[in-house]
There are 2 protein chains.
Amino acid sequence: MKNFEDRLREYQLKATPQRIAITKLLDEKGHLNIDTLYNLLKEDFTSLSLATIYKNINIMMEKSFVKEVKLPNRKSVYELQKEHHSHLVCKKCNKIEDIYIQNIECFYDEVNQKTDFAIESSDITVIGLCKQCR
Amino acid sequence: MKNFEDRLREYQLKATPQRIAITKLLDEKGHLNIDTLYNLLKEDFTSLSLATIYKNINIMMEKSFVKEVKLPNRKSVYELQKEHHSHLVCKKCNKIEDIYIQNIECFYDEVNQKTDFAIESSDITVIGLCKQCR
DNA sequence: CTGACTGCAAACGTTTTGCACGGTA
DNA sequence: TACCGTGCAAAACGTTTGCAGTCAG
């Protein structure tokens, strides 16, 4: 991956220190909710405003630089836009892993067979226990 | 399905007129958000309070009588608990259809093959265009 | 240099809470 | 009858907005 400044600019986003830091954190941690993002950034930007986080996450979503992930029984988390993938969520430790599934066709086939729905994309979350917690 | 009163009582929920009406609406319409539920119920219960809707939906979720469905770019909707299923969401008309997929194994197999994750359940939303809108 | 971004405070919409009253079991 | 549910109003919460000062390009 390019450096974060350039990556932001590619998406028509000015590379401010706050945005670079948000990008860096999302890249490192993978998935973060608003509060966690704010608290982590607060360490480096003592006068950071929550409004800045909201404004940035919103514009980053508009530009498809960041994506919201809605999960059952949990606040939304945000991730950097990347290749289409699904999520494994551990019930115990709350960790979220990405997984790139090749073989979605098999269940798309079933949808096509049963309905007249024109599939555009899918959003898959798998709940369970991760390697460490199982 | 049993009548709604009995169904509520089976889930340790007192069968008040408001709860029966919520149940009836969810059964008829399938998926409703809080506001729609409130506006529809308001027709029959002129003095209905929004707080009552919230309190009831919350307790119904605690008792697993109702389930929240989180969808991309949209307010949460609620549905009566039923057999595990997935959702087809039409981008154009916003309709939500249930679909019972048999063949999830094929992609569970892939998850098992790639990770050490112990799958418990999955949450699948398919976005696209419905029969009428395609 | 200009338009966009930031931080602050206020506003806003949504959800929850406390309380007095009424209804279910 | 006792307890739980309802409706109302107020409170709490999360998110957005407007504005003045600052910064990236």
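These numbers come from the heavy atoms of this one structure, side chains and all, not from hydrogens, waters or symmetry mates. Residue numbering restarts at 1 for every chain, and letters A, B, ... go by the order of the sequence lines.
Closest to the side chain of A:A51, from the set D:dA24, C:dA9, D:dT6, is C:dA9. Taking only side-chain atoms of B:S49, from C-beta outward, the nucleotide of C:dT24, D:dC8, C:dT6 with the closest atom is D:dC8. Of the candidates C:dG23, C:dT14, D:dA24, the closest approach to any side-chain atom of B:K14 belongs to C:dG23. Nearest nucleotide to the B:S47 side chain, out of D:dG7, C:dG3, C:dG7: D:dG7.
Ring geometry, B:Y100 versus B:H85: the interplanar angle falls from 30° to 60°, so the pair is classed tilted.
Here the P atom of nucleotide D:dT6 and the CG atom of B:L41 are 11 Å apart, to the nearest Å. Protein atom CG of A:L50 is 11 Å distant from nucleotide atom P of C:dC8, rounded to whole Å. Regarding B:I57, its CD1 atom lies at a distance of 15 Å from the C1' atom of D:dG5, rounded to whole Å. A straight line from CD of A:Q12 to P of C:dC5 spans 12 Å, rounded to a whole angstrom. Between B:Y38 atom OH and C:dT16 atom P the separation is 16 Å, expressed in whole Å. Distance B:F45 CZ to D:dC8 P: 14 Å, rounded to the nearest Å. Put simply, CG on B:L13 is 11 Å from P on C:dA25, counting in whole angstrom units. Atom CD of A:E5 and atom P of D:dC23 are 17 Å apart (whole Å).
The base of D:dG7 has none of its N or O atoms less than 3.5 Å from a complementary donor or acceptor on the side chain of B:K42. Residue side chain A:K75 does not reach the base of D:dG14 through any donor-acceptor N/O pair under 3.5 Å, judged by distance alone.
Under a cut-off of 6.0 angstrom, the local environment of NZ in A:K42 is crowded, with over 12 non-hydrogen atoms contributed by other residues, nucleotides or ligands.
Heavy-atom nearest nucleotides on DNA chain C were determined for B:N58 and for B:R9, and the one closer to the 5' end corresponds to B:N58. Closest-nucleotide positions on DNA chain C for B:A15 and B:K55 were compared, and the one nearer the 5' end corresponds to B:K55.
Neither OP1 nor OP2 of C:dG23 sits under 4.0 Å from any side-chain N or O of B:Q18. Under 4.0 angstrom from either OP1 or OP2 of D:dC23 there lies no side-chain N or O belonging to A:T16.
Under a 3.5 Å cut-off, the side chain of B:R19 and the backbone N or O of B:K14 do form a donor-acceptor pair.
B:E120 pairs with exactly one of A:K92, A:K91, A:R134 by the salt bridge (Lys or Arg N to Asp or Glu O under 4.0 Å) rule, that one being A:K91.
As judged by a 4.0 angstrom heavy-atom cut-off over every strand, B:L48 is placed among residues touching the sugar-phosphate backbone only.
A 4.5 Å side-chain heavy-atom check between B:L71 and A:K70 finds every atom pair outside the cut-off.
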